[in-house]
Structures are given as structure tokens and as C-alpha cells.
Protein chains: 4
Amino acid sequence: MKQNASKPLLRRRKPTQARAQITVDAMLDAAVKLLKRGGASSITTNRIAATAGVSIGSVYQYFPNKHALFAALHERHIRQVDAILRKRTAECAESSLEELVQAWIEGMAEAHAKDPELAELLQSEVPHRAAGTAEFSIRLHTCFRAALAPHAGSFRRKTDLDTRTFITANMVEALGHALVSRRPRGLSLTRAKAESSKAILAYLAS
Amino acid sequence: MKQNASKPLLRRRKPTQARAQITVDAMLDAAVKLLKRGGASSITTNRIAATAGVSIGSVYQYFPNKHALFAALHERHIRQVDAILRKRTAECAESSLEELVQAWIEGMAEAHAKDPELAELLQSEVPHRAAGTAEFSIRLHTCFRAALAPHAGSFRRKTDLDTRTFITANMVEALGHALVSRRPRGLSLTRAKAESSKAILAYLAS
Amino acid sequence: MKQNASKPLLRRRKPTQARAQITVDAMLDAAVKLLKRGGASSITTNRIAATAGVSIGSVYQYFPNKHALFAALHERHIRQVDAILRKRTAECAESSLEELVQAWIEGMAEAHAKDPELAELLQSEVPHRAAGTAEFSIRLHTCFRAALAPHAGSFRRKTDLDTRTFITANMVEALGHALVSRRPRGLSLTRAKAESSKAILAYLAS
Amino acid sequence: MKQNASKPLLRRRKPTQARAQITVDAMLDAAVKLLKRGGASSITTNRIAATAGVSIGSVYQYFPNKHALFAALHERHIRQVDAILRKRTAECAESSLEELVQAWIEGMAEAHAKDPELAELLQSEVPHRAAGTAEFSIRLHTCFRAALAPHAGSFRRKTDLDTRTFITANMVEALGHALVSRRPRGLSLTRAKAESSKAILAYLAS
DNA sequence: CATGAATGAGTGTTCATTCAT
DNA sequence: AATGAATGAACACTCATTCAT
């Protein structure tokens, strides 16, 4: 369904791999810079080129159109969050449920820590039709589900695992996001993380 | 000679205001229609006018610029959600904590039921700088907090009320949203609502 | 050639004469106000109406279009200058050539004194195609010529009177204008007037 | 990668600048054409582009906005007049006062000869806020003053040189302008020039 | 007569995209 | 490959003008 479902498409920039990736990253970074400066409406292809120190022609060498650039922007961010969460999950293969949930919350916090406003801006300003969001959701759901499975015995109610995962994943995402960027003053990051973990654990234990 | 020198003008204002509201609503509805059809980028002032069946000049009689129109779009939606949630909350003044939480989830479901994709699109595509979002958040937090206060005695841990409210409000919003628009097939709306309520109650009881 | 060459047209606003003239003046004054504030481009019919405290409909009761309003603006100003110059000239029927020329320069200074920038702005910003400018020029030329005629004997060279008048009128206008609005600091108005008169007299004596 | 890192780019700039001047001139010429056809109000950026045979985008590559284009229009004209007058003045460094004054009048006539209505239209229709008009006036005043200085001994009255220059410059401009575009039929250009020169000389001799 | 909401052609300007070099 | 001048469709917005009340 997506445009990278098959190998041929991946070849698009194979040859000059390294240089290409640097250029692409420069352009995406430029887009982020512009996004932060003036919102989504100030991201124009010409400005991206200028900010990235590249000609406008080069932008179109790597992206067929502006939309693809936006999609790449989302994808890069999603890939980061995805990587962090999967790594944390993998590290907790043998851990207790409590440690697992804490790792997730910690992972969300880590993912947003280095650039708290980026996620917000990306979410709220940059159109993400057809970015890999859906695909990412499914992958993460699968990952979460697998991590939760070994602990299913400790859940009091006999809810099916998909439902548990659905609720849990949404809580992780929502609380992970909120505690970084909407946390009221007076509530420390540490306490917010602890409280979020407790909320999720309380649900899972129920 | 001045435009407010005589009564007739004031009397004429009333019907005008009613008509004005109809016109304004027609324009906002047109914007929503366009938003659903082709995303935020397909909302243009001229298209709004055409779709709403008014002249472009009339759009600018009611909104100083496109931004103000976007803000009004958000505001109208926010006001609806706000009204529903406050009403539900008010109705549960004497109820149990369980009924209160269920009412909130029910309210979120109701708010999104008639137009599930609108909230999503509004959130993710329409820039909402300086819309009354922040103000709304505070009002809702206050409302939630007041509703939670009478039940504070039943919470096992002695977490402060603002933290409780913060976590709870985010759960209500996230789960309320998710259960309407991201719920996996295989999970009925009824069960999703029940599960969401249980999650929140588990947290509050903890 | 002009639209007030015959009597019927003068009837346009006869009945309510007094009130009409007040309204028309209010509108022209509003236009002048706007002109001074923001240049010709800030004169819009709606703004004129608002500034004059009149409805936009009323503006179109008195002027068929914006152009006519501009023409009226020029005409009113021209009429003032014309009146002053004719009066001064008439007063010098028995006077010496020197007194006559001084009266003209004095008249120009007087005409621009109360609103020095208006003439400049009118000239340089407000389009005056088909305003009564040409007609005014002819009338003034005739007036000047008649006033100069009795002194023709004192001119050294035997240049024809029309040429004399042409040069003289242009000098009066140019110097009269320049001494009010472009005079360099260091040159007093009195000396500028004296010097201008001397220049014209030197020419006429030649 | 940056746009000024290598010499080739500088070499390419040269031909570009020549082409650019041609394009700019085409656009200014188009503006003049439109101005003559339908007055200042018929000059629109899109029409300029169409008339000049370039795209509207190109207009904005050379001018940041319409105002800058108007300013350039004035500047080009002013530069022409300035150049002519300075050249004529320079040629008369050793000449008599009479020759100098005749050269000025001749210069004004020359400047307006090839396009008599342009100066008039530029002056009366095209807004010239912040065009280099003032600067030009000063330069010309300085030029005139220097040219007049050697002849100051022949002036009968002991008026200071700045005042002399002020009056003279205004006469040159006004008469030079009038003799080209407002001269009454019956007065030949040759005689108008002669008479204008005599007027200025009579003043200077006085 | 006066009003002012409504109109919509038209304006200045932007910006995604192309393509000759 | 990389460049960036050129393009022109499309945009947000203005304003002279009309006309029902």
C-alpha cells in the first residue's frame, strides 16, 4: 500500500548513498528549522533549498514534490520514536511488567526530550496524509502486544490482548506526549513519569 | 447622519445578527466540507465563498482574514466539546465516581460521534495558533478538577488533585478520541467505552 | 467639451443646495484627509464615506464614480486659486506693473499658505485627466493677458502679448509654487517672494 | 555547495546582468506603454508582465513590489534628464552665460522631446514617494550653482548664489517643461526657447 | 432620499515546479 | 548531477459599485 513496500523503490538513491543521505537530512533539517520559525505555512520548497544550502533543483532530485518531503519529515520522526520504543521493549524482554511500562514511558520522554516542540508541530501543523503513520501504528501495536503477552496472566480481568494493547498503547502515547509538552508547572518530570506509569500499571493490573 | 444616531439601526441589527450567524455557519460548514474533501490545503477563501454560496467579499465582512476563519473553525468545535463535557459533568454532581468517568467517556464519544473525522482533521491539518485552545484546556481542567474533588477520599494514594486531574484529563481525551476513530475492528464501541472507563477508574482508585 | 458647459447639468443638485454642498464638502474634505494620511492609494470610496460620516450610497448620490470625485477635488482647489488670483488682479487694475506682479506672487503664496502640501499632493498623486485644469489655464491666461496689456508699452522688446503672458504665467505658477513648498532653508518667504517678483519684472522689462 | 564558492558563478553573472538590464528595461517600457494608454491606474503588475512578454514571476525577481517598479520608472527618467543637463552644463564650462542658459533650455527640450507626455504623466500620475527625486534635485542644484558661480560678477544685484540658483533652476524646469508640452499654438518651439532663455537671462542680469 | 450589506472582477504577490545550461 | 532563472496557476484580499430596504 505504501511506496516502500517493494525493493525497486528503495533503489531510488542507492548509488551515492552517503552523500545523498547527508543532503536529504540537510533538507529535512531545514524544513524543521523553518517549521519552528514560522509554522507550516512558512515551509516552502525554495526556502528549504536556501536554508539547506542547496539549489531548488536538488530538492526535486530527491523528492518528487513537496508532499513527499512532508511525508519524509514525518517518517524520519516516526522512525526515531519507533526505534527508541522497540529498543526499550527489547531490553525488557525478561523484566517485570512494571519495568516494561516504565521503560515505555521513559522511551516516550526520551524521544521527545531533545526536541519537545517538534513532535507537537509535526503533529499539529504538517499535513500527514499518507505518511507512514498507519504502518507505524500497526508495527508498534504488534511490538507492544508481544511484550505484554508474557504478563497477561497477571491481569485480573480476562480482557483479550488486542484490547489491552489498544488501550495501553494509547495511554503510553498520550501520557508520554503530555508529560513532556503539556505538563503543568508544579509537576516535575520525574513525578509525571512515575504517575503515568502507575496509571498504566493500574489499568493492566485491573 | 452618524450610523448609530437613531433606534431603527439598533432594531435592524437584531435580525442582521441572526442572519449573520447563519452566514458565518454556512462559511464554516463550507470550510469543513473542503477540509474533508481535500485536506487543509484545499481550503481557500474563494472556495469557501463559492461552497457557502456567498461572495468572497462577504467572507471578508465577517472574518478579517483566513486565519481568523481557521480560529473560528477551531473555536466552534471546541465550544461543542466543551459544552457536552461540562453538561455531562454537571449532571453527575451527585453521582458515583464510576458514573462520572463513564459520563466523560460517553461525552467524548458523543462529541465525536456525529463527525468522527472532523476532530482528527482539525487537530492535524488546520493550524491553530492562537485559537482559544489553551483557554479551553484550562477551563476543562478546572471543571474536571472540581468534579473529581468530592471523590478524592476514595483514591488509595495521596497524589495531589492537580496531578490526578492532569493524568485523568489526558486519558479521557486520548481514549475518548481513540475509541471513536482508531478503534481496531473486532472491538465494539460499547466494549471500547467500557474498557476505557475501567482504565481511568483503575488509575483513580490506585 | 466639459460637462458644465450648459445650464441643464447645473441643476443636478439644485433643490437641496445648501445641505448638498455641505455633504459634498464633507466628502471632499474626507478625501483630502485621507490623501494627506496615506497618499492617493489610500483614498477609497468606502473610506471617504466613513471619514465623512456618510453612507457609501450617499457618495454615489453626488458623484457618479470615483473619478468624478477626484475631478471635483481638483476643481475645488483650482477654483480657490483662480478666485484669489482674479481678485488680486482686479485690485491692481490701476496699479503699476511692479504692484501687479507682486500681487500675483502674493496671491500664489496666499493660495498655498493655508495648506502647502495639498497642492503638491493633488498635483502629484491624484490623477487629473479631464479635471477642469485646461479650462482654468485658459481663463487665467486671459485674465493675465488683460492685466498685462496696459503695461505692454513699457516692455523693451516687441514680443507679442500671448508669448509674454505664456512665459509670465508659467513663472508665476512655478515660482509661486516653489517658494512655498521647495524653498531652501536659509531663504525667507519674504525674500523669496521679492526675488520671484524681481525675476518676473526683469523678464517683463526686457 | 554554497552559491558563491567558485569562480564560474561570478563569470556567469556578467552575461546575466546584461540580460537582466534588458529584461528590466522591457518591464519599465511596458509600464510606460500602459501609462500612456490608460493612466497610472491601468498599470498592473500582471499587465506589465504580459506587455513585456515575461512572466509575472520574473517581474518579482527584479522588483520586490509594485512600488519599487514605480520608483525605478521615475529613477530612469530622472537619470536621463540629469545626464543631459549635466552634459550640457559641462560643455559650457568656458562659455558665456547666455550660452549656458541656452544650453539648459535646449537640454530640457531635448530631454522631453522624444517623449513629451511621459514626463507629464510620470509627474502627475505615478506616485513618487521615496523615489530619488530629492537627491536628484540637490545634485542638480549643486551642478547649476557651480555653473553659475563664474558668472556671478555680471549679476547687477548682489543676491546670494543659492537664491539665484533656486530661482534659476525653477525657471529652467518650469519653462523647459512648459515650452514642450503646454506651448500655445502660434508660438514656435524655436521662439519659445529663445523667449525662455531671455527670461532667465533677464533675471540673472538683474 | 439615505443606508450599508452584498457583490465579484480584479489586484498584488507567492511558490511549487520545470528545464536549459 | 547540480543549478537557479523562469514560469504561471492560484492565492488572499480589496474596493468601486449596486440595490433591496
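Note that this is a predicted model, so its numbers are computed, not measured. All chains are named by letter (A, B, ...) in the order of the sequence lines, taking the proteins before the strands, and each is independently numbered beginning at 1.
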TODO: Specify the separation, in whole Å, of atom CD1 of Ile22(A) and atom C1' of dA2(F).
DONE: 16 Å
- [ ] In whole angstrom, give the distance that lies between atom NZ of Lys66(B) and atom C1' of dC11(F).
- [x] 8 Å
Task: Shortest non-hydrogen contact between Leu73(B) and Leu28(B), atoms and distance - done: CD1-O, 3.6 Å
TODO: Measure from OH on Tyr60(D) to C1' on dT14(E) and round the result to the nearest Å.
DONE: 9 Å
TODO: Supply the atom-to-atom distance Phe136(A) CZ to Glu75(A) CD, rounded to the nearest 0.5 angstrom.
DONE: 11.5 Å
Open item on the list: What contact category does Leu69(C) fall into here, base, sugar-phosphate, or nothing, at under 4.0 angstrom with non-hydrogen atoms?
Closed with: nothing
- [ ] Using atom CG of Leu34(C) as one end and atom P of dA16(F) as the other, report the distance to the nearest whole Å.
- [x] 11 Å
Open item on the list: Rounded to the nearest 0.5 Å, what separates atom CG in Asn65(B) from atom OH in Tyr60(B)?
Closed with: 7.0 Å
Task: His67(A) vs Ser41(D), nearer the 5' end of DNA chain E by closest nucleotide - done: Ser41(D)
Open item on the list: Could you tell me how far apart Asn65(D) (CG) and dT11(E) (C1') are, to the nearest whole angstrom?
Closed with: 14 Å
Task: Watson-Crick or G-U stems of DNA chain E, 3 or more pairs, under 3.5 Å, by first number - done: E:2-21 with F:2-21
- [ ] Grab the CD1-P distance between Ile43(A) and dC15(E) for me, whole Å please.
- [x] 12 Å
TODO: Return the minimal non-hydrogen interatomic distance between Lys33(A) and Thr51(A), and the atom names on each side.
DONE: CD-CG2, 4.0 Å
Task: Least distance between heavy atoms, Tyr62(A) atom then Ala20(A) atom - done: CE2-CB, 3.7 Å
- [ ] Name every residue in residues 44-58 of chain B that has at least one heavy atom under 4.0 Å from any atom of DNA chain E, in order of residue number, or write none if there are no such residues.
- [x] Ser55(B), Ile56(B), Gly57(B), Ser58(B)
TODO: Report the distance from atom CZ of Phe63(D) to atom C1' of dT11(E), rounded to the nearest whole Å.
DONE: 18 Å
Task: Closest heavy-atom pair and its distance - Ala40(A), Glu125(A) - done: N-OE1, 2.9 Å
Task: Side-chain touch Leu121(B)/Val126(B), heavy atoms, less than 4.5 angstrom - done: no
Task: Among dT7(F), dT18(F), dG12(E), the nucleotide that comes nearest once only the side chain of Gln61(D) is considered - done: dT7(F)
Task: Tyr62(D) OH - dA5(F) P separation (whole Å) - done: 8 Å
Open item on the list: To check you understand the geometry: which heavy-atom pair defines the closest contact between Ala31(B) and Leu69(B), and what is its length?
Closed with: CB-CD2, 4.1 Å
TODO: Locate the shortest heavy-atom distance separating Leu122(B) from His74(B); write the atom from each residue and the value.
DONE: O-NE2, 3.1 Å
